[in-house]
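Worksheet: one structure, shown below.
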Protein chains: 2
Amino acid sequence: MQTDCRNCPFKTKATSMLSECSLDQLSSNHLELKLKKGDSIIKQGTYSTNVVFLRTGLAKIHIAGPYTEQIVKMVNAPSYLGLPTTFGSKINQYSVTAVSDAEVCFIDLEVFQNILDENKEFTREIIQEFCKNELESFHRCANRTQKLIRGNMADAILDFADKIFKADSFVLPLSQVEFANLVDTSRESVSRVLAEFDKDGIIKVNGRQIDILNKKSLIMVSQNG
Amino acid sequence: MQTDCRNCPFKTKATSMLSECSLDQLSSNHLELKLKKGDSIIKQGTYSTNVVFLRTGLAKIHIAGPYTEQIVKMVNAPSYLGLPTTFGSKINQYSVTAVSDAEVCFIDLEVFQNILDENKEFTREIIQEFCKNELESFHRCANRTQKLIRGNMADAILDFADKIFKADSFVLPLSQVEFANLVDTSRESVSRVLAEFDKDGIIKVNGRQIDILNKKSLIMVSQNG
DNA sequence: ATTATTTTGTGATATGCATCACATTGTATA
DNA sequence: TATACAATGTGATGCATATCACAAAATAAT
(Lines give C-alpha, C1' and ligand atoms only; values in the text may rest on other atoms or scores of the structure.)
Protein backbone atom coordinates (compact mmCIF):
# COMPACT_ATOMS: atom_id res chain seq x y z
CA MET A 1 0.00 0.00 0.00
CA GLN A 2 1.27 3.48 -0.86
CA THR A 3 0.32 6.13 1.61
CA ASP A 4 2.07 9.38 2.24
CA CYS A 5 3.55 9.20 5.72
CA ARG A 6 3.85 12.96 5.70
CA ASN A 7 0.15 13.13 6.47
CA CYS A 8 -0.04 10.29 8.93
CA PRO A 9 -1.88 11.71 11.92
CA PHE A 10 -0.40 9.10 14.21
CA LYS A 11 3.22 10.04 14.02
CA THR A 12 5.11 10.24 17.25
CA LYS A 13 6.85 13.45 18.22
CA ALA A 14 10.16 12.56 16.65
CA THR A 15 8.68 11.05 13.54
CA SER A 16 7.21 14.44 12.73
CA MET A 17 10.76 15.71 12.43
CA LEU A 18 11.99 13.09 10.01
CA SER A 19 13.78 14.46 7.01
CA GLU A 20 11.85 14.74 3.76
CA CYS A 21 14.06 12.08 2.36
CA SER A 22 13.30 9.66 5.16
CA LEU A 23 9.59 10.34 4.94
CA ASP A 24 9.69 9.57 1.23
CA GLN A 25 11.50 6.35 1.88
CA LEU A 26 9.03 5.41 4.56
CA SER A 27 6.04 6.29 2.39
CA SER A 28 7.10 4.02 -0.39
CA ASN A 29 8.24 1.16 1.81
CA HIS A 30 5.55 0.22 4.22
CA LEU A 31 2.47 -1.91 4.29
CA GLU A 32 -0.58 -0.57 6.02
CA LEU A 33 -3.18 -2.92 7.49
CA LYS A 34 -6.42 -2.71 9.40
CA LEU A 35 -6.76 -5.43 12.01
CA LYS A 36 -9.62 -6.76 14.02
CA LYS A 37 -9.64 -7.62 17.70
CA GLY A 38 -7.85 -10.91 18.18
CA ASP A 39 -5.76 -10.68 15.01
CA SER A 40 -2.13 -11.66 15.30
CA ILE A 41 0.45 -8.96 14.64
CA ILE A 42 3.63 -10.87 15.45
CA LYS A 43 3.86 -14.64 15.91
CA GLN A 44 6.48 -16.13 18.19
CA GLY A 45 8.77 -18.52 16.36
CA THR A 46 8.24 -17.11 12.89
CA TYR A 47 10.81 -15.31 10.76
CA SER A 48 10.51 -11.57 10.38
CA THR A 49 12.41 -8.56 9.11
CA ASN A 50 9.72 -6.02 9.82
CA VAL A 51 9.27 -3.44 12.43
CA VAL A 52 5.62 -2.81 13.15
CA PHE A 53 4.21 0.61 13.85
CA LEU A 54 1.01 0.34 15.86
CA ARG A 55 -0.93 3.36 14.62
CA THR A 56 -4.12 2.82 16.55
CA GLY A 57 -5.46 0.25 18.97
CA LEU A 58 -4.29 -1.85 21.85
CA ALA A 59 -2.12 -4.95 21.79
CA LYS A 60 -0.71 -7.53 24.15
CA ILE A 61 2.83 -8.87 24.02
CA HIS A 62 2.85 -12.48 25.10
CA ILE A 63 5.29 -15.34 25.38
CA ALA A 64 4.80 -19.06 25.59
CA GLY A 65 6.23 -19.82 29.00
CA PRO A 66 7.16 -23.30 30.14
CA TYR A 67 3.56 -24.03 31.06
CA THR A 68 1.18 -21.29 30.10
CA GLU A 69 1.06 -18.29 27.87
CA GLN A 70 2.30 -15.24 29.72
CA ILE A 71 1.34 -11.67 28.87
CA VAL A 72 4.44 -9.60 29.51
CA LYS A 73 3.15 -6.20 28.50
CA MET A 74 0.18 -4.26 27.20
CA VAL A 75 0.98 -1.72 24.50
CA ASN A 76 -1.17 1.05 23.15
CA ALA A 77 -0.73 3.17 20.07
CA PRO A 78 1.30 4.88 18.87
CA SER A 79 4.17 2.54 19.40
CA TYR A 80 6.82 0.52 17.60
CA LEU A 81 6.69 -3.24 17.99
CA GLY A 82 9.09 -6.02 17.21
CA LEU A 83 12.36 -4.15 17.44
CA PRO A 84 14.02 -6.62 19.79
CA THR A 85 13.17 -9.42 17.43
CA THR A 86 14.27 -7.84 14.20
CA PHE A 87 17.45 -6.38 15.59
CA GLY A 88 18.27 -9.62 17.25
CA SER A 89 17.62 -13.08 15.92
CA LYS A 90 15.08 -12.36 13.16
CA ILE A 91 13.02 -15.13 14.69
CA ASN A 92 10.24 -13.58 16.70
CA GLN A 93 10.87 -14.21 20.35
CA TYR A 94 7.35 -13.28 21.37
CA SER A 95 3.88 -12.81 19.98
CA VAL A 96 1.89 -9.63 19.68
CA THR A 97 -1.87 -9.78 19.31
CA ALA A 98 -4.41 -7.01 18.91
CA VAL A 99 -6.89 -6.90 21.77
CA SER A 100 -8.92 -4.20 20.07
CA ASP A 101 -9.39 -3.24 16.47
CA ALA A 102 -6.14 -1.75 15.32
CA GLU A 103 -4.20 -0.24 12.45
CA VAL A 104 -0.60 -1.17 11.85
CA CYS A 105 2.19 -0.41 9.40
CA PHE A 106 4.79 -3.00 8.57
CA ILE A 107 8.12 -1.34 7.90
CA ASP A 108 11.05 -3.17 6.44
CA LEU A 109 13.90 -3.36 8.92
CA GLU A 110 16.42 -2.02 6.44
CA VAL A 111 14.33 1.06 5.85
CA PHE A 112 13.85 1.51 9.55
CA GLN A 113 17.57 1.19 10.13
CA ASN A 114 18.28 3.82 7.47
CA ILE A 115 15.85 6.17 9.09
CA LEU A 116 17.52 5.63 12.44
CA ASP A 117 20.90 6.33 10.92
CA GLU A 118 19.78 9.57 9.37
CA ASN A 119 17.59 11.07 12.05
CA LYS A 120 19.18 11.72 15.41
CA GLU A 121 15.98 12.95 16.98
CA PHE A 122 14.18 9.81 16.01
CA THR A 123 16.99 7.65 17.31
CA ARG A 124 16.87 9.45 20.61
CA GLU A 125 13.16 8.87 20.90
CA ILE A 126 13.60 5.16 20.24
CA ILE A 127 16.38 4.90 22.80
CA GLN A 128 14.30 6.80 25.33
CA GLU A 129 11.51 4.36 24.69
CA PHE A 130 13.84 1.45 25.37
CA CYS A 131 15.01 3.09 28.56
CA LYS A 132 11.47 3.55 29.76
CA ASN A 133 10.69 -0.06 28.98
CA GLU A 134 13.74 -1.32 30.80
CA LEU A 135 12.85 0.62 33.91
CA GLU A 136 9.29 -0.63 33.72
CA SER A 137 10.42 -4.21 33.47
CA PHE A 138 12.76 -3.74 36.43
CA HIS A 139 9.96 -2.39 38.51
CA ARG A 140 7.61 -5.06 37.38
CA CYS A 141 10.21 -7.61 38.34
CA ALA A 142 10.61 -6.09 41.79
CA ASN A 143 6.88 -5.77 42.38
CA ARG A 144 5.21 -8.78 40.89
CA THR A 145 7.11 -11.28 42.92
CA GLN A 146 6.87 -9.48 46.23
CA LYS A 147 3.23 -8.60 46.29
CA LEU A 148 0.27 -10.82 46.89
CA ILE A 149 -2.36 -11.30 44.26
CA ARG A 150 -4.60 -8.52 45.51
CA GLY A 151 -1.69 -6.12 45.19
CA ASN A 152 -0.77 -7.20 41.71
CA MET A 153 -4.35 -7.06 40.53
CA ALA A 154 -4.74 -3.59 41.98
CA ASP A 155 -1.58 -2.60 40.10
CA ALA A 156 -2.88 -4.01 36.85
CA ILE A 157 -6.21 -2.21 37.19
CA LEU A 158 -4.44 1.05 37.98
CA ASP A 159 -2.21 0.55 34.96
CA PHE A 160 -5.20 0.11 32.70
CA ALA A 161 -6.82 3.20 34.11
CA ASP A 162 -3.76 5.45 34.11
CA LYS A 163 -1.56 4.24 31.28
CA ILE A 164 -3.86 2.56 28.81
CA PHE A 165 -7.29 4.17 28.99
CA LYS A 166 -6.57 7.35 30.94
CA ALA A 167 -9.95 6.97 32.57
CA ASP A 168 -11.30 5.39 35.74
CA SER A 169 -14.05 3.55 33.91
CA PHE A 170 -13.21 1.16 31.13
CA VAL A 171 -13.98 -2.19 29.58
CA LEU A 172 -11.31 -4.77 30.31
CA PRO A 173 -9.84 -5.78 26.95
CA LEU A 174 -8.93 -9.19 28.36
CA SER A 175 -10.73 -12.30 29.45
CA GLN A 176 -10.13 -13.51 32.99
CA VAL A 177 -7.76 -16.14 31.64
CA GLU A 178 -5.72 -13.44 29.91
CA PHE A 179 -5.89 -11.19 32.92
CA ALA A 180 -4.55 -14.07 34.99
CA ASN A 181 -1.68 -14.52 32.52
CA LEU A 182 -0.88 -10.85 32.86
CA VAL A 183 -0.92 -10.84 36.65
CA ASP A 184 0.74 -14.22 37.16
CA THR A 185 -2.11 -15.95 38.86
CA SER A 186 -4.94 -18.34 38.13
CA ARG A 187 -8.20 -17.55 36.41
CA GLU A 188 -10.10 -18.46 39.55
CA SER A 189 -8.16 -16.03 41.67
CA VAL A 190 -8.91 -13.24 39.21
CA SER A 191 -12.59 -13.97 39.52
CA ARG A 192 -12.43 -14.11 43.31
CA VAL A 193 -10.36 -10.97 43.80
CA LEU A 194 -12.48 -8.93 41.40
CA ALA A 195 -15.51 -10.01 43.41
CA GLU A 196 -13.74 -9.03 46.62
CA PHE A 197 -12.83 -5.59 45.31
CA ASP A 198 -16.43 -5.12 44.24
CA LYS A 199 -17.79 -6.25 47.59
CA ASP A 200 -15.39 -3.87 49.37
CA GLY A 201 -16.68 -1.02 47.23
CA ILE A 202 -13.29 -0.34 45.68
CA ILE A 203 -14.42 -0.99 42.14
CA LYS A 204 -17.68 -1.82 40.44
CA VAL A 205 -17.55 -4.91 38.24
CA ASN A 206 -20.13 -5.53 35.57
CA GLY A 207 -18.97 -8.22 33.23
CA ARG A 208 -15.82 -6.68 31.79
CA GLN A 209 -16.89 -3.17 32.64
CA ILE A 210 -14.77 -1.82 35.47
CA ASP A 211 -15.44 1.39 37.35
CA ILE A 212 -12.99 2.52 39.94
CA LEU A 213 -15.05 3.83 42.85
CA ASN A 214 -12.33 4.42 45.42
CA LYS A 215 -8.96 5.00 43.84
CA LYS A 216 -7.24 5.68 47.12
CA SER A 217 -8.25 2.30 48.46
CA LEU A 218 -7.08 0.69 45.26
CA ILE A 219 -3.69 2.35 45.60
CA MET A 220 -3.57 1.26 49.22
CA VAL A 221 -4.25 -2.32 48.24
CA SER A 222 -1.54 -2.12 45.58
CA GLN A 223 0.91 -1.03 48.26
CA ASN A 224 0.07 -3.60 50.86
CA GLY A 225 0.89 -6.68 48.87
CA MET B 1 41.51 11.68 35.28
CA GLN B 2 42.85 11.99 31.76
CA THR B 3 43.38 8.71 30.00
CA ASP B 4 43.52 8.10 26.31
CA CYS B 5 40.49 6.02 25.40
CA ARG B 6 42.20 5.08 22.15
CA ASN B 7 44.27 2.60 24.08
CA CYS B 8 41.55 1.30 26.37
CA PRO B 9 41.73 -2.47 26.09
CA PHE B 10 38.18 -2.87 27.25
CA LYS B 11 36.39 -1.20 24.38
CA THR B 12 33.40 -2.97 22.96
CA LYS B 13 33.31 -3.83 19.27
CA ALA B 14 31.59 -0.65 18.21
CA THR B 15 33.60 1.60 20.45
CA SER B 16 36.70 0.55 18.56
CA MET B 17 35.19 2.19 15.53
CA LEU B 18 34.47 5.53 17.10
CA SER B 19 35.68 8.48 15.12
CA GLU B 20 38.96 10.12 16.18
CA CYS B 21 36.99 13.15 17.18
CA SER B 22 34.68 11.17 19.43
CA LEU B 23 37.56 9.31 21.01
CA ASP B 24 39.24 12.61 21.79
CA GLN B 25 36.08 13.93 23.35
CA LEU B 26 35.70 10.78 25.37
CA SER B 27 39.32 10.80 26.49
CA SER B 28 39.08 14.29 27.90
CA ASN B 29 35.65 13.89 29.46
CA HIS B 30 35.56 10.85 31.64
CA LEU B 31 36.47 9.88 35.14
CA GLU B 32 38.14 6.57 35.71
CA LEU B 33 37.81 4.78 39.03
CA LYS B 34 38.94 1.54 40.62
CA LEU B 35 36.32 0.01 42.88
CA LYS B 36 36.36 -2.68 45.48
CA LYS B 37 33.84 -5.44 45.97
CA GLY B 38 30.76 -4.00 47.61
CA ASP B 39 31.32 -0.43 46.42
CA SER B 40 28.30 1.39 45.12
CA ILE B 41 28.34 2.45 41.47
CA ILE B 42 24.86 3.91 41.19
CA LYS B 43 22.56 4.74 44.08
CA GLN B 44 18.81 4.60 43.68
CA GLY B 45 17.17 7.92 44.43
CA THR B 46 20.20 10.11 43.77
CA TYR B 47 20.64 12.60 40.96
CA SER B 48 22.92 11.68 38.10
CA THR B 49 23.89 12.79 34.62
CA ASN B 50 26.51 10.15 34.04
CA VAL B 51 26.61 7.02 32.03
CA VAL B 52 28.89 4.45 33.56
CA PHE B 53 31.12 2.19 31.55
CA LEU B 54 31.92 -0.96 33.48
CA ARG B 55 35.41 -1.79 32.20
CA THR B 56 36.12 -4.79 34.35
CA GLY B 57 34.33 -6.69 37.09
CA LEU B 58 30.87 -7.85 37.96
CA ALA B 59 27.95 -5.84 39.25
CA LYS B 60 24.39 -6.31 40.41
CA ILE B 61 21.47 -4.09 39.49
CA HIS B 62 19.04 -3.91 42.36
CA ILE B 63 15.86 -2.12 43.30
CA ALA B 64 14.21 -1.45 46.60
CA GLY B 65 10.95 -3.35 46.19
CA PRO B 66 7.95 -2.81 48.44
CA TYR B 67 9.41 -5.16 51.04
CA THR B 68 12.91 -6.32 50.23
CA GLU B 69 15.74 -5.41 47.96
CA GLN B 70 15.40 -7.19 44.66
CA ILE B 71 18.28 -8.00 42.35
CA VAL B 72 16.93 -7.58 38.84
CA LYS B 73 20.06 -8.37 36.87
CA MET B 74 23.71 -9.33 37.06
CA VAL B 75 25.98 -7.46 34.68
CA ASN B 76 29.54 -8.22 33.72
CA ALA B 77 32.07 -6.08 31.92
CA PRO B 78 32.29 -4.60 29.42
CA SER B 79 28.94 -2.94 29.67
CA TYR B 80 27.23 0.44 29.90
CA LEU B 81 25.22 1.15 33.02
CA GLY B 82 22.71 3.77 33.96
CA LEU B 83 21.37 4.67 30.56
CA PRO B 84 17.71 4.28 31.49
CA THR B 85 18.22 6.60 34.40
CA THR B 86 20.14 9.33 32.66
CA PHE B 87 18.00 9.35 29.55
CA GLY B 88 14.88 9.33 31.63
CA SER B 89 14.37 11.11 34.90
CA LYS B 90 17.97 11.90 35.94
CA ILE B 91 17.05 10.43 39.30
CA ASN B 92 18.48 6.95 39.52
CA GLN B 93 15.67 4.47 39.47
CA TYR B 94 17.85 1.63 40.66
CA SER B 95 21.14 0.90 42.36
CA VAL B 96 24.19 -0.78 40.90
CA THR B 97 26.78 -2.29 43.19
CA ALA B 98 30.05 -4.03 42.43
CA VAL B 99 30.08 -7.63 43.59
CA SER B 100 33.72 -8.02 42.63
CA ASP B 101 36.58 -5.58 42.34
CA ALA B 102 35.85 -3.45 39.32
CA GLU B 103 36.97 -0.57 37.16
CA VAL B 104 34.51 1.97 35.88
CA CYS B 105 34.46 5.13 33.79
CA PHE B 106 31.95 7.86 34.46
CA ILE B 107 31.00 9.57 31.23
CA ASP B 108 29.00 12.76 31.13
CA LEU B 109 25.63 12.17 29.53
CA GLU B 110 26.07 15.06 27.13
CA VAL B 111 29.31 13.61 25.84
CA PHE B 112 27.73 10.22 25.53
CA GLN B 113 24.81 11.68 23.61
CA ASN B 114 27.19 13.44 21.22
CA ILE B 115 29.02 10.23 20.59
CA LEU B 116 25.75 8.46 19.89
CA ASP B 117 24.75 11.21 17.47
CA GLU B 118 27.99 10.97 15.55
CA ASN B 119 28.64 7.24 15.43
CA LYS B 120 25.99 5.11 13.81
CA GLU B 121 27.78 1.86 14.53
CA PHE B 122 27.95 2.67 18.20
CA THR B 123 24.31 3.64 18.29
CA ARG B 124 23.38 0.36 16.68
CA GLU B 125 25.34 -1.54 19.26
CA ILE B 126 23.60 0.28 22.08
CA ILE B 127 20.19 -0.35 20.55
CA GLN B 128 21.04 -4.01 20.05
CA GLU B 129 21.99 -4.16 23.68
CA PHE B 130 18.65 -2.71 24.68
CA CYS B 131 16.88 -5.20 22.48
CA LYS B 132 18.71 -8.10 24.05
CA ASN B 133 17.88 -6.79 27.51
CA GLU B 134 14.23 -6.40 26.69
CA LEU B 135 14.00 -9.95 25.43
CA GLU B 136 15.79 -11.20 28.49
CA SER B 137 13.43 -9.41 30.80
CA PHE B 138 10.44 -10.79 28.89
CA HIS B 139 11.75 -14.29 29.27
CA ARG B 140 12.60 -13.78 32.86
CA CYS B 141 9.09 -12.54 33.40
CA ALA B 142 7.61 -15.59 31.71
CA ASN B 143 9.86 -18.02 33.53
CA ARG B 144 10.31 -16.77 37.05
CA THR B 145 6.66 -16.81 37.91
CA GLN B 146 5.84 -20.14 36.37
CA LYS B 147 8.63 -22.25 37.69
CA LEU B 148 9.12 -23.59 41.17
CA ILE B 149 12.11 -22.56 43.22
CA ARG B 150 14.25 -25.50 42.15
CA GLY B 151 13.73 -24.50 38.53
CA ASN B 152 14.56 -20.88 39.13
CA MET B 153 17.65 -21.71 41.12
CA ALA B 154 18.82 -24.08 38.42
CA ASP B 155 18.30 -21.26 35.92
CA ALA B 156 20.30 -18.85 38.01
CA ILE B 157 23.18 -21.28 38.43
CA LEU B 158 23.21 -22.00 34.70
CA ASP B 159 23.22 -18.26 34.03
CA PHE B 160 26.23 -17.77 36.23
CA ALA B 161 28.05 -20.62 34.54
CA ASP B 162 27.17 -19.74 30.96
CA LYS B 163 26.74 -15.99 30.85
CA ILE B 164 28.80 -14.63 33.70
CA PHE B 165 31.75 -16.93 34.33
CA LYS B 166 31.76 -19.07 31.19
CA ALA B 167 32.86 -22.00 33.33
CA ASP B 168 31.13 -24.79 35.22
CA SER B 169 33.05 -24.11 38.41
CA PHE B 170 32.89 -20.74 40.05
CA VAL B 171 32.59 -18.88 43.32
CA LEU B 172 29.16 -17.43 43.86
CA PRO B 173 29.60 -13.65 44.06
CA LEU B 174 26.50 -13.38 46.22
CA SER B 175 25.49 -14.30 49.73
CA GLN B 176 22.48 -16.53 50.15
CA VAL B 177 20.39 -13.52 51.03
CA GLU B 178 21.38 -11.86 47.77
CA PHE B 179 20.91 -15.05 45.83
CA ALA B 180 17.41 -15.25 47.30
CA ASN B 181 16.73 -11.69 46.18
CA LEU B 182 17.84 -12.63 42.69
CA VAL B 183 15.71 -15.74 42.48
CA ASP B 184 12.63 -14.37 44.25
CA THR B 185 12.66 -16.67 47.19
CA SER B 186 13.72 -16.81 50.83
CA ARG B 187 17.22 -17.23 52.15
CA GLU B 188 16.22 -20.49 53.80
CA SER B 189 14.98 -21.96 50.55
CA VAL B 190 18.27 -21.10 48.86
CA SER B 191 20.13 -22.98 51.55
CA ARG B 192 17.82 -25.96 51.34
CA VAL B 193 17.74 -26.25 47.58
CA LEU B 194 21.52 -25.90 47.27
CA ALA B 195 21.83 -28.76 49.77
CA GLU B 196 19.33 -30.80 47.76
CA PHE B 197 21.21 -30.24 44.50
CA ASP B 198 24.40 -31.28 46.26
CA LYS B 199 22.81 -34.38 47.76
CA ASP B 200 21.43 -35.33 44.33
CA GLY B 201 24.92 -35.04 42.87
CA ILE B 202 23.91 -32.28 40.46
CA ILE B 203 26.33 -29.74 41.84
CA LYS B 204 29.01 -29.73 44.51
CA VAL B 205 28.64 -26.96 47.07
CA ASN B 206 31.53 -25.87 49.23
CA GLY B 207 30.77 -22.60 50.89
CA ARG B 208 30.29 -20.31 47.93
CA GLN B 209 32.27 -22.55 45.62
CA ILE B 210 29.94 -24.20 43.13
CA ASP B 211 30.93 -26.99 40.77
CA ILE B 212 28.41 -28.24 38.29
CA LEU B 213 28.76 -32.02 38.23
CA ASN B 214 25.83 -32.95 36.04
CA LYS B 215 24.82 -30.18 33.72
CA LYS B 216 22.16 -32.21 31.98
CA SER B 217 20.36 -32.84 35.24
CA LEU B 218 20.61 -29.17 36.08
CA ILE B 219 19.05 -28.25 32.76
CA MET B 220 16.35 -30.85 33.36
CA VAL B 221 15.57 -29.34 36.73
CA SER B 222 15.41 -25.90 35.17
CA GLN B 223 12.83 -27.17 32.71
CA ASN B 224 10.60 -29.02 35.10
CA GLY B 225 9.62 -26.07 37.24
C1' DA C 1 43.18 -15.10 70.89
C1' DT C 2 38.52 -13.53 72.13
C1' DT C 3 34.48 -11.47 71.26
C1' DA C 4 31.10 -9.72 68.23
C1' DT C 5 28.67 -10.00 63.95
C1' DT C 6 27.35 -11.91 59.88
C1' DT C 7 26.30 -15.98 57.28
C1' DT C 8 24.44 -20.49 56.91
C1' DG C 9 21.76 -25.03 58.21
C1' DT C 10 17.51 -27.15 59.47
C1' DG C 11 13.26 -28.36 61.83
C1' DA C 12 8.21 -27.02 62.79
C1' DT C 13 4.26 -24.30 61.63
C1' DA C 14 1.16 -21.36 59.04
C1' DT C 15 -0.86 -19.72 54.83
C1' DG C 16 -1.70 -17.97 50.20
C1' DC C 17 -3.05 -19.71 46.30
C1' DA C 18 -3.13 -23.32 42.60
C1' DT C 19 -5.76 -27.03 41.41
C1' DC C 20 -9.84 -29.76 40.96
C1' DA C 21 -14.72 -30.03 40.42
C1' DC C 22 -18.88 -28.54 38.98
C1' DA C 23 -22.70 -25.02 38.55
C1' DT C 24 -24.04 -20.98 36.04
C1' DT C 25 -24.15 -17.62 32.84
C1' DG C 26 -23.08 -15.59 28.48
C1' DT C 27 -22.13 -15.90 23.61
C1' DA C 28 -21.51 -17.89 19.10
C1' DT C 29 -23.27 -21.46 15.75
C1' DA C 30 -26.56 -24.28 13.32
C1' DT D 1 -35.15 -21.00 18.78
C1' DA D 2 -32.38 -24.66 20.06
C1' DT D 3 -27.71 -26.29 20.76
C1' DA D 4 -22.84 -26.10 21.46
C1' DC D 5 -19.07 -23.82 23.33
C1' DA D 6 -16.68 -20.40 25.86
C1' DA D 7 -16.35 -17.54 29.94
C1' DT D 8 -17.29 -16.97 34.73
C1' DG D 9 -18.56 -17.99 39.89
C1' DT D 10 -17.57 -20.52 43.93
C1' DG D 11 -16.65 -24.24 47.28
C1' DA D 12 -13.25 -27.90 49.01
C1' DT D 13 -8.60 -29.71 49.14
C1' DG D 14 -3.57 -29.99 48.88
C1' DC D 15 0.90 -28.27 48.51
C1' DA D 16 4.93 -25.28 47.87
C1' DT D 17 7.15 -22.26 50.32
C1' DA D 18 7.37 -18.20 53.50
C1' DT D 19 8.02 -17.42 58.14
C1' DC D 20 9.57 -18.31 62.74
C1' DA D 21 12.97 -20.07 65.81
C1' DC D 22 17.27 -21.50 66.94
C1' DA D 23 21.82 -23.82 66.40
C1' DA D 24 26.16 -23.98 64.12
C1' DA D 25 29.71 -22.18 61.48
C1' DA D 26 32.36 -18.69 59.35
C1' DT D 27 34.14 -14.04 59.14
C1' DA D 28 35.25 -9.64 60.97
C1' DA D 29 36.52 -6.61 64.70
C1' DT D 30 38.81 -5.72 69.09
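Residue numbering restarts at 1 for every chain, and letters A, B, ... go by the order of the sequence lines.
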A:Y80 and A:F112 aromatic centres sub-6.0 Å: yes
Contact under 4.0 Å: B:T185 side-chain N or O vs D:dT17 OP1/OP2: no
Any N/O donor-acceptor pair, B:R192 side-chain to D:dT19 base, under 3.5 Å: yes
Nucleotide of C:dT8, D:dT17, D:dG9 approaching B:I149 most closely (side-chain heavy atoms): D:dT17
Separation of atom CG in B:D198 from atom P in C:dT10, rounded to whole Å: 10 Å
Separation of D:dA7 C1' from A:N181 CG (nearest whole Å): 14 Å
Presence of A:S175 side-chain N/O under 4.0 Å of D:dA6 phosphate oxygens OP1/OP2: no
Side chains of A:Q93 and A:T85, donor plus acceptor under 3.5 Å: no
Heavy-atom side-chain contact between A:I219 and A:L158 under 4.5 Å: yes
Distance-only polar pair, side chains of B:N133 and A:E134, donor-acceptor under 3.5 Å: yes
Gap between atoms OH and P, on A:Y67 and C:dA18 respectively (whole Å): 15 Å
Spacing of B:L172 atom CG relative to C:dT8 atom P, expressed in whole Å: 9 Å
Side-chain-base donor-acceptor pair under 3.5 Å for A:R208 and C:dG26: no
Whole-Å gap separating P (D:dT8) and CG (A:N206): 13 Å
Phosphate contact (D:dA6 OP1 or OP2) by A:Q176 side-chain N/O below 4.0 Å: no
Under-4.0 Å side-chain N/O to phosphate OP1/OP2 contact, B:S189 with D:dA16: no
Nearest-angstrom distance from the residue atom CD of B:E178 to C1' of C:dT8: 14 Å
Length of the CG-P vector between A:L174 and D:dA6, whole Å: 19 Å
B:N181 vs B:K60 side-chain heavy atoms within contact, under 4.5 Å: no
Between P of D:dT8 and CG of A:L194, the distance in whole Å: 10 Å
Side-chain donor/acceptor of B:E188 to base of D:dC20, under 3.5 Å: yes
